[in-house]
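Below, chains carry the letters A, B, ... as their sequence lines are ordered, and counting in each starts from 1. Because the structure is predicted, anything quoted here is derived from the model rather than measured.
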Amino acid sequence: MSSGTNSSGAPRYRFAPSPTGFFHVGGARTALYNWALAKRSGGTFVLRIEDTDEARNRPEWTQGIIDALAWIGIDRDDPTFEGPYFQSEYATAHVAAAERLYRDGHAYYCDLTTEQIQERAKASGRPGYDGYSRDRGLEPGPGRVLRFRVPEGVTIVDDLVRGRVEFQNDTIEDFVLLRGNGSPMFLLANVVDDASMRISHVVRAEEHLPNAPKQQLLWQALGHTPPTWAHVPVLVNEQRKKLSKRRDKVALEQYRDEGYLATAMINYLMTLGWAPQGETEIVPWSRIQDEFRLEDVNHSPAFFDLKKLAAFNGEYVRMLSVDEFVDACRPWLHGDAVPWSPEQFDEAVFRSMAELVQTRIVTLADVPALVDFMFLDAPIVDEAAWTKTFASAEAVAMLAAARTSFESVEWTSESLKIATEECGAALGLKLGKAQAPVRVAVTGRTVGPPLFEALELLGREIVLDRLDVARHRLD
RNA sequence: GCCCCCAUCGUCUAGUGGCCUAGGACACCACCCUUUCAAGGUGGCGGCACGGGUUCGAAUCCCGUUGGGGGUGCCA
């Protein structure tokens, strides 16, 4: 695949998000692509932020991008990371480039208003601007836009993922470079910045593909060799529409805040449109960095599947060592969202249950609900579970039997299990049925971590007390 | 309307002319394991959009159809 590549020096991959107050998961994937390639090639990941008026007043938006990148392992302190740069820093250069284009005959001024253009389009039956001012020789002036003079012929965009894409130049209208007020347009600013930063690879979402021929023409008119293009497919929702902020959960920060692991998120994102060699999709970033190739990226849009993400996350949660897991859980075990007070929480107790919790959660946010009964004075009772469990006389009897038995049994999980078994047997209940009333009385729920381990940890006094409370409640 | 892109199980993918009676993963179903719930194990369901070519041979190459998506701003 040989489009003109900036041959001098190491490759430079630019990632140019526009700040919008959150970081899009699609953007995250594109960033990861750029990052993997830059890292492996010994090149550079250039972060250039598209500066808008609104973003300028909200520096936290830019910080949000940097934080989000850091979360997925794109570390600003890494020497591969260059930036952030802001588009506005180059505004003078943008205008200068436009004027050069005008002097060289690659651009011309036009005084048509949007309404006039529409009228002409309507009259001719062809939509869009028809090149009316091309040869009118207009001088610069207030209200006059500078338009690019699209040359005749064919523009071939040589794209690393899509191959050779041909555009007939007569289907590309003479697009605006400078607005009537003299300010540069995005397309121009982008090219000028890329060229002056000697960007060699532009890897971005497919929605930009129609812009590529225009930009390539601009690179050439400016006297530069165009970069290597790669337009990667977009991420879509179940309706096969491009993920949108309005309808879909697209903020990377939200996944972070809901307790998804960055490792899982990164891995999942990379399997959308690409697959690592071999038997499994669960692979560490190091392997992805070594193996990822744009040439192997799929051509069609990929559905962002929450269920599969959840499966990946569970997979990664279970891979954690106990220490790592406890560390990762910490933010979810403290703070306002948690039902217990700081004094009630005991990390040592949590640690001893950690392994049992690990196989039972999807995200870290699921952790508190599994262990809250260990720290609260009284369990949070799930009414539906309670009603269902104590609907039978045996269940009520079982509770009383366990209360009596637990008074004197040796306080280990193994003995507690045997004691429960015996009480159940006397009532014709198997262990599965026998443990239920005890579980609901002590934990408030029908589901949770293995019961007898929890009872042992809780201690005889608390357990007996909760059994009593439950019996009173039944009366 | 015009331009461009895309098309393998429900979903994400492997597959680059014979190794494919199409492989894996998620989801789903069943069974096993089991103190609940998970996790784990085993098995099952399920796909090359359609029609023409090219070829000894096509999921793979070509053309068309259909169906999706994106772009068509003095937005970025």
*Could you check which nucleotide pairs with B/rC28 in any of the strands shown, counting Watson-Crick or G-U wobble with both distances under 3.5 Å?*
B/rG44
Give me, pair by pair, the N or O atoms of the protein and of nucleotides 42-46 of chain B that are less than 3.5 Å apart, along with how far apart they are.
none

*With sequence neighbours excluded, tell me which residues meet side chain to side chain contact (heavy atoms under 4.5 Å, CB included) with A/Glu281.*
A/Thr271, A/Lys308, A/Phe312
*Checking all strands, does A/Gln168 fall into the base, sugar-phosphate, or nothing category for heavy-atom contacts under 4.0 angstrom?*
nothing
*Counting any heavy atom closer than 4.0 Å, what does A/Phe175 reach on the DNA or RNA strands: base, sugar-phosphate only, or nothing?*
nothing
*Please say whether the positively charged group of A/Arg473, taken as NZ for Lys or CZ for Arg, lies over the ring of A/Trp386, i.e. under 6.0 angstrom from the six-membered ring centre and within 45 degrees of the axis.*
yes
*asked:* For the C1' atoms, the ones on B/rG64 and on B/rU54, what distance do you get once it is rounded to whole angstrom?
replied: 15 Å
_Separation of atom CZ in A/Arg162 from atom C1' in B/rU16, rounded to whole Å_ = 17 Å
*With RNA chain B as reference, determine whether A/Glu281 or A/Glu166 sits nearer its 5' end, using the nearest nucleotide of each.*
A/Glu166
Got a list of protein N/O to nucleotides 71-75 of chain B N/O distances below 3.5 Å?
from   : atom 1 : to       : atom 2 : distance (Å)
B/rG71 : OP1    : A/Lys242 : NZ     : 3.1
B/rC74 : O2     : A/Gly180 : N      : 3.0
B/rC74 : N4     : A/Leu112 : O      : 3.3
B/rC75 : OP2    : A/Arg179 : NE     : 2.9
B/rC75 : O3'    : A/Arg179 : NH2    : 3.3

*A/Leu272 CG - B/rC12 C1' separation (whole Å)*: 7 Å
*Under the side chain to side chain donor-acceptor pair (under 3.5 Å) rule, what pairs show up with a residue in residues 419-435 of chain A, not counting sequence neighbours?*
A/Gln435-A/Arg439
*Considering only the P atoms, how many Å lie between B/rC5 and B/rC9, rounded to the nearest integer?*
22 Å
*Give none if B/rU54 has no partner; otherwise give the nucleotide forming a Watson-Crick or G-U wobble pair with it, both distances under 3.5 Å.*
none
*Strictly below 4.0 Å, heavy-atom distances to any atom of RNA chain B: list the hits from residues 231-239 of chain A, or just say none.*
none
*Minimum heavy-atom distance A/Ala419-A/Ser405, with the two atoms named*: CB-OG, 3.4 Å
*Just name whichever nucleotide pairs with B/rA7, Watson-Crick or G-U, keeping both distances under 3.5 Å, else none.*
B/rU66
*Between A/Asn298 (CG) and B/rG24 (P), how many Å, whole number?*
19 Å
*Counting just side-chain N and O atoms, does A/Arg164 come under 4.0 Å of either OP1 or OP2 of B/rC5?*
no
*For nucleotides 31-39 of chain B, read 5' to 3', which letter fits each nucleotide if B means a protein heavy atom sits under 4.0 Å from the base, S means only the sugar-phosphate is that close, and - means neither?*
----BBBBS
_Check: A/Val154 and A/Ile156 side chains under 4.5 Å, non-hydrogen atoms_ = yes
_For A/Glu410, all residues meeting side chain to side chain contact (heavy atoms under 4.5 Å, CB included), sequence neighbours excluded_ = A/Thr412, A/Ser415
*Got a sec: does the CD of A/Gln277 have more than 12 other heavy atoms crowding it under 6.0 Å?*
no
*asked:* Can you confirm whether or not the ring centre of A/Phe304 sits under 6.0 Å from the ring centre of A/Tyr255?
replied: yes
*Write down the partner of B/rA38 under the Watson-Crick or G-U wobble criteria, each distance required to be under 3.5 Å.*
none
*asked:* Expressed as a whole number of angstroms, how long is the span from A/Asp159:CG to B/rC4:P?
replied: 15 Å
_Measure CG/A/Asp130 against P/B/rC2 and give the value in whole Å, please._
18 Å
*C1' atom, B/rU60 versus B/rA22: distance in rounded Å?*
11 Å
*Between atom CD in A/Glu206 and atom C1' in B/rA7, what is the gap in whole Å?*
13 Å
Side-chain donor/acceptor pairs under 3.5 Å, residues 57-65 of chain A, sequence neighbours excluded:
from    : atom 1 : to      : atom 2 : distance (Å)
A/Asn57 : ND2    : A/Asp53 : O      : 3.4
A/Gln63 : NE2    : A/Asp67 : OD1    : 2.9

*Would you call the rings of A/His24 and A/Phe22 parallel, tilted or perpendicular if under 30° counts as parallel and over 60° as perpendicular?*
tilted
*Is any NZ, NE, NH1 or NH2 atom of the basic residue among A/Arg445 and A/Asp372 found under 4.0 Å from an Asp or Glu carboxylate oxygen of the other?*
yes
_Just the rounded figure in Å: distance from C1' of B/rA25 to CH2 of A/Trp274._
14 Å
*Any side chain to side chain donor-acceptor pair (under 3.5 Å) pairs touching residues 177-188 of chain A, not counting sequence neighbours?*
A/Arg179-A/Ser183, A/Asn181-A/Ser183
*Distance between the P atoms of B/rC63 and B/rC20, in whole angstroms?*
29 Å
*Could you measure between the two C1' atoms, the one in B/rG67 and the one in B/rU8, and give it in whole Å?*
16 Å
*asked:* Is the positively charged end of A/Arg147 above the ring of A/Tyr129, judged by distance under 6.0 angstrom from the centroid and angle within 45° of the axis?
replied: yes
*Going by heavy atoms closer than 4.0 Å, what residues in residues 299-314 of chain A are next to RNA chain B?*
A/His299, A/Ser300, A/Pro301, A/Ala302, A/Phe303, A/Asp305, A/Lys307, A/Lys308, A/Ala311
*Aromatic ring proximity, centroids under 6.0 angstrom, A/Tyr102 and A/Tyr108*: no
_Any donor-acceptor pair under 3.5 Å from A/Asp159 side chain to A/His231 backbone_ = yes
*asked:* Applying side chain to side chain contact (heavy atoms under 4.5 Å, CB included), can you list everything that pairs with A/Ala436, at least two apart in sequence or on another chain?
replied: A/Thr389
*Do A/Trp411 side-chain atoms and A/Leu416 backbone N/O form a donor-acceptor pair below 3.5 Å?*
no
*asked:* Between A/Asp194 and A/Arg48, does any NZ, NE, NH1 or NH2 come within less than 4.0 Å of an OD or OE carboxylate oxygen?
replied: yes
_Watson-Crick or G-U wobble mate for B/rC74, both contacts under 3.5 Å_ = none
_d(CH2, A/Trp229; C1', B/rC5) in whole Å_ = 16 Å
*Among B/rC12, B/rC6, B/rA14, which nucleotide sits nearest the side chain of A/Ala275?*
B/rA14
_When the P atoms of B/rG43 and B/rG51 are compared, how many Å lie between them, rounded to an integer?_
35 Å
*asked:* Between B/rU13 and B/rC33, how many Å separate the two P atoms, rounded to a whole number?
replied: 38 Å
*Pairwise side chain to side chain donor-acceptor pair (under 3.5 Å) hits with a residue in residues 350-371 of chain A, at least two apart*: A/Asp323-A/Arg351
*With a non-hydrogen cut-off below 4.0 angstrom, is A/Lys433 in contact with a base, only sugar-phosphate, or nothing?*
nothing
*Distance between P atoms of B/rG44 and B/rA7 (Å, rounded)*: 30 Å
